[in-house]
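Shown next, in structure tokens, is the structure this report addresses.
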Amino acid sequence: MTLINPQPSFHALIPAAGSGSRMGSELPKQYIDLLGRPVIRHTLDALLAVGALSRVWVVLAPDDAHWTNYQWPSDPRITVLRCGGATRAESVANALQDVAKQTDPATWMLVHDAARACVSPQLVARMIEELSDDPVGGLLAVPVADTLKRAGDDGRVAQTIPRAGLWQAQTPQMFRLGMLREALAAHPDVTDEAGAIEACGLSPRLIASDATNFKVTFPDDLAMAARLLSSAAELQK
Ligand code: CTP
Ligand code: MG
């Protein structure tokens with residue numbers, strides 16, 4: 001008897017175990033208020049709006065005292081893991097160990113920063129469509145628009161970097177669970193999932209995104225995120 005190989009599933013994994021040091025707030029930035037809800041609630045809602053995603057894993061710091069202070073959507077796809085580590089890569093790697101205990105290694109994992117609260121569900125759906133047959137996987141990214149300068153120690157320009165061919169990496173970053181787990185275990189010092197895959201000699205595909213999927217990092221970013229989310233909500237009406 002031949003077993004029919006089922007179509008692979010798509011899961012989101014949201015690292016949310018950071019402290020948000022650049023935000024300079026006592027409250028970790030994923031919980032800061034944005035239009036009356038914590039930042040991560042917007043991120044979660046956007047991913048839950050993607051029908052192809054059958055699970056959404058949220059990765060918290062083991063000592064997170066905030067998550068339980070809020071009401072969350074009662075969507076059975078959400079699972080909270082309290083296994084965040086000292087770095088983002090460690091949080092993701094720890095979570096993948098837990099996920100792997102109950103998930104097929106061929107499952108596509110879309111790792112998405114909790115702090116990218118303005119991500120568009122349509123763009124995530126398009127990414128899934130474009131990458132589901134890809135042998136490696138890929139990431140959302142934006143071509144660099146500005147000329148880049150490398151600064152010297154004296155605060156003066158030491159070098160101009162040609163921007164041709166340069167992209168800014170965003171998330172989601174989408175790779176198969178088995179491949180991503182091995183890549184992060186072998187290369188724990190990377191700053192994103194694609195970096196670990198590249199270090200294994202593979203080339204992730206770039207999927208064109210736009211600046212609205214920026215990462216809420218500094219205090220001024222909150223007003224920008226609020227404007228983008230309000231206008232997206234207006235357009236929905
Ligand atoms: N993150 C994580 N575990 C860490 C560090 C970061 O899960 N040890 C998560 C953050 O919660 C965030 C995402 O990774 O959703 C992207 O990281 P970043 O924007 O750098 O967030 P922070 O590390 O919290 O902020 P900062 O670098 O300013 O301290
Ligand atoms: Mg950080």
Side-chain angles (χ1 to χ4, degrees), residues 11-34 37-48 50 53 55-70 72 78-100 109-120 123-124 139-142 168-175 177 180-181 183-185 187-197 209 211-226 228-229:
H11 292 191
L13 189 151
I14 309 178
S19 62
S21 53
R22 286 170 286 180
M23 188 60 74
S25 141
E26 193 63 34
L27 191 63
K29 73 176 170 186
Q30 54 273 28
Y31 294 112
I32 292 177
D33 184 277
L34 180 57
R37 293 174 156 197
V39 165
I40 189 179
R41 175 64 193 267
H42 298 277
T43 315
L44 196 52
D45 285 349
L47 293 174
L48 290 170
V50 180
L53 292 172
R55 297 290 294 266
V56 179
W57 306 88
V58 180
V59 189
L60 304 181
D63 59 353
D64 183 303
H66 305 284
W67 177 265
T68 49
N69 294 339
Y70 300 90
W72 300 100
I78 302 173
T79 305
V80 173
L81 303 171
R82 291 181 169 269
C83 60
T87 62
R88 181 185 177 285
E90 203 178 304
S91 295
V92 174
N94 290 351
L96 293 179
Q97 301 303 328
D98 284 4
V99 171
M109 301 300 301
L110 282 81
V111 181
H112 182 69
D113 295 328
R116 288 186 198 271
C118 302
V119 66
S120 132
L123 189 50
V124 178
L139 64 150
L140 293 189
V142 191
Q168 277 179 285
Q170 298 182 339
T171 68
Q173 301 206 356
M174 172 172 158
F175 300 101
L177 171 60
L180 182 57
R181 217 177 131 213
L184 282 171
H187 305 284
D189 295 330
V190 294
T191 50
D192 68 352
E193 291 65 50
I197 299 288
S209 175
T212 59
N213 184 26
F214 74 107
K215 192 169 70 169
V216 173
T217 305
F218 299 103
D220 285 351
D221 293 340
L222 288 162
M224 172 64 85
L228 285 169
L229 289 166

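Indexing begins at 1, ligand by ligand and atom by atom, following the structure's order. By convention here, the first residue in the shown sequence is residue 1.
- One N or O on the side chain of Thr217 and one on the backbone of Lys215 form a donor-acceptor pair closer than 3.5 Å.
- Annotation for Asp220: atom CG does not count as buried by contact number, only 12 or fewer foreign heavy atoms lying within 6.0 Å.
- At a 3.5 angstrom cut-off on N or O pairs, Ala17 counts as close to ligand 1.
- Ring geometry for Trp67 against Tyr31 counts as perpendicular: the plane angle is over 60°, on a 0 to 90° scale with 30° as the lower cut.
- When each atom of ligand 1 is checked for a heavy atom of Ala86 under 4.0 Å away, the hits are 8 (N).
- Panel note: side chain Glu193, backbone Gln173; no donor-acceptor pair is recorded below 3.5 Å.
- Judged by distance alone, the side chain of Arg116 and the main-chain N or O of Asn213 form a donor-acceptor pair under 3.5 Å.
- Ranking protein heavy atoms by distance to atom 29 (O) of ligand 1, first place goes to Ser21 OG, 2.5 Å.
- Residue Ser91 touches ligand 1 through its side chain alone, judged by heavy-atom distances below 4.0 Å.
- The distance criterion of under 3.5 Å between nitrogen or oxygen atoms is not met by Thr217 with respect to ligand 1.
- Within the 4.0 Å heavy-atom criterion, neither part of Pro28 lies near ligand 1.
- Among all non-hydrogen protein atoms, the one lying nearest atom 12 (C) of ligand 1 is Pro15 O, 3.7 Å.
- One N or O on the side chain of Gln30 and one on the backbone of Gly18 form a donor-acceptor pair closer than 3.5 Å.
- The shortest N or O to N or O distance between Ala114 and ligand 1 is below 3.5 Å.
- Annotation: atom 24 (O) of ligand 1 to nearest protein heavy atom, Gly20 N, 2.8 Å.
- In the vicinity of Ser19, heavy-atom distances shorter than 4.0 Å reach the ligand 1 atoms 24 (O).
- Contact of the Trp57 side chain with the Met109 side chain is registered, since non-hydrogen atoms from C-beta on lie closer than 4.5 Å.
- Distance from atom 19 (O) of ligand 1 to its nearest protein heavy atom, with residue and atom name: Lys29 NZ, 2.7 Å.
- For atom 27 (O) of ligand 1, the nearest non-hydrogen atom of the protein is Arg22 NH2, 3.0 Å.
- Residues Ile40 and Trp72 meet the side-chain proximity criterion, which asks for heavy atoms closer than 4.5 Å.
- Looking at Tyr70 and Arg41, their side chains never come closer than 4.5 Å, going by heavy atoms from C-beta outward.
- Neither the backbone nor the side chain of Glu90 has a heavy atom within less than 4.0 Å of ligand 1.
- Between the choices Ile40, Asp113, Leu60, Val216, the shortest heavy-atom distance to atom 16 (C) of ligand 1 belongs to Asp113.
- Atoms of ligand 1 found under 4.0 Å from any heavy atom of Ala115, numbered from 1 in the order shown, are 15 (O).
- No side-chain donor-acceptor contact under 3.5 Å links Ser209 to the backbone of Ala141.
- The residue from Gly18, Gly85, Ala117 that puts a heavy atom closest to atom 8 (N) of ligand 1 is Gly85.
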